[in-house]
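In the text below, chain A, chain B and the rest are named by the order of the sequence lines, each starting its count at 1.
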Amino acid sequence: MQGTDLLDKHPLGAGQFAELVIGWQQQQGRHDLPWQHEITPYKVLVSELMLQQTQVTTVIPYFERWLQRFPTIEALAEAEQDEVMTLWQGLGYYARARNLHKAAQAIAKRGSFPADLETLQQIPGIGRYTAGAILSFAYDAYGPIVDGNVRRLFCRLFALEGYAGQSQLEKQLWQLAEQLTPQQHNRRFAQGLLDLGATLCTARRPDCANCPLQAGCQAYARQQVEQFPMAKPKKAKPSRQGHFLWVQQQGRLLLEQRPDQGIWSSLLTLPEVAAEHPLLQQAEPVGSFRHQFSHYQLDATIWQPQQQVEETPRHGWYASRQLADIALPAPIRKWIEQQLKQSAVD
DNA sequence: GATCCGTGGCA
DNA sequence: TTGCCAAGGAT
């Protein structure tokens, strides 16, 4: 067992490690995040789903609005998907919103909130990390977590080779998490791990001088803190073309709901057509934008067709005052609002 | 195991 | 401007 070896060779034992993390969290950790007050399993579920791959400062206003509109899991379970997507718009990774909605319906139907790792991981949108986080934060119970913060912290503490996603590294990280996670004070311990990663053991310019684990950090001992974790080998980001239609009729704008898979799933957008679409042969380009996704770059052109657009049940006409209350992708919303402002001035 | 899935902040 | 990064999960 490699993880056992790692821990055996390390100057800090598991008990001492937990004590240091817990003590530091109490003195120096974050205590004023919105989901840390009057904790319920539902609030933990909402916050954890929102926080997946998303920064705390981005999530906070979304979380506040969400709890106002859906104060309980039953309220969310009974909501329409349109409204769920509208509240989530701009936050990205829209499958999370559908999963959260489905999770609320499953839990409400079940009658009780699951409180064990196995059952939690059967719920849509909840993986190994989120299940551990729910046990730790909602129930103050044993729930190992490995996220980006913990990965960075452990890779440095134990000078672990490998990059994020490599199976052998992930296996080591989870084994360490299981061994280092205490049986008591689990909420504070988990919060301490995340706070250390977010405020001291950061990706760039880590603040080792104030770290309670400095004496036990193997990367620090080598003066190679920023070499861990190793950078994932990167490949070129592809570029894709997108063609969107700008069609107004009697002051209303034609929009189309996207399918529930793929990019911008379940959101409304300007109708998108293939590059070979006949409509584009006699259309005028009225604008363009470039948008960076995590895995490709979108070069979009917006066309004003001269012919009638064939409508489907997924199409709809929207007045400008309705736009605030529907779910649009951020770059599409930005372009539409700019266009409407210009045409109003013209 | 590799890829897909968003967005905003920051150096 | 560009690249990197952030409380991951599903396929």
Counting the benzene-type ring for Trp, do His291(A) and Phe289(A) have ring centres under 6.0 Å apart?
no
Please report the shortest heavy-atom distance between Gln25(A) and Asp195(A), naming the atom on each side.
NE2-OD2, 3.0 Å
Does the side chain of Gln191(A) come under 3.5 Å of the side chain of Gln36(A) through a donor N or O and an acceptor N or O?
yes
Can you see if the side chain of Tyr93(A) gets near the phosphate of dC4(B) - specifically, an N or O under 4.0 Å from OP1 or OP2?
no
If you pin Ile263(A) and Lys232(A) to their nearest nucleotides in DNA chain B, which one's is more 5'?
Lys232(A)
Just to confirm, is there a sub-4.0 Å distance from OP1 or OP2 of dA6(C) to any side-chain nitrogen or oxygen of Arg152(A)?
yes
Using a cut-off of strictly less than 4.0 Å, decide whether Ser167(A) has a side-chain nitrogen or oxygen near OP1 or OP2 of dG1(B).
yes
Assign each of Arg240(A) and Gly165(A) the nucleotide of DNA chain B bearing its closest heavy atom; nearer the 5' end lies the nucleotide of Gly165(A)
Whichever of Ser47(A) and Pro124(A) has the more 5' nearest nucleotide on DNA chain C, that residue is Ser47(A)
Are Trp66(A) and Trp35(A) close enough that their ring centres sit under 6.0 Å apart?
no
For residues Ile123(A) and Thr130(A), determine if any side-chain heavy atom of one lies less than 4.5 Å from a side-chain heavy atom of the other.
no
If you only use heavy atoms from C-beta on, which nucleotide in dA7(C), dC5(B), dG8(B) is closest to the side chain of Ser294(A)?
dC5(B)
What's the gap between dT3(B) and dC4(C) when it is taken at their P atoms, as a whole Å value?
16 Å
Within the pair His295(A) and dC5(B), is there a side-chain N or O less than 4.0 Å away from OP1 or OP2?
yes
Would you say dG8(C) has OP1 or OP2 under 4.0 Å from some side-chain N or O of Gln53(A)?
yes
Using the C1' atom as the reference point in each nucleotide, state the distance between dT1(C) and dG8(B) in Å, no decimals.
16 Å
Using a distance-only criterion (donor-acceptor N/O pair, under 3.5 Å, no hydrogens), is the base of dG8(C) paired with the side chain of Thr54(A)?
no
Could you work out the separation of dA7(C) and dC4(B) based on their P atoms and round it to a whole Å?
24 Å
Distance-only donor-acceptor test, Arg30(A) side-chain atoms vs dA7(C) base atoms, 3.5 Å:
yes
May I ask you to verify if any side-chain N or O of Trp264(A) is less than 4.0 angstrom from the OP1 or OP2 atom of dT7(B)?
yes
Judged by each residue's nearest nucleotide on DNA chain C, which is more toward the 5′ side, Gln191(A) or Gln121(A)?
Gln191(A)
Under 4.0 Å between a side-chain N/O of His291(A) and OP1 or OP2 of dT7(B), yes or no?
yes
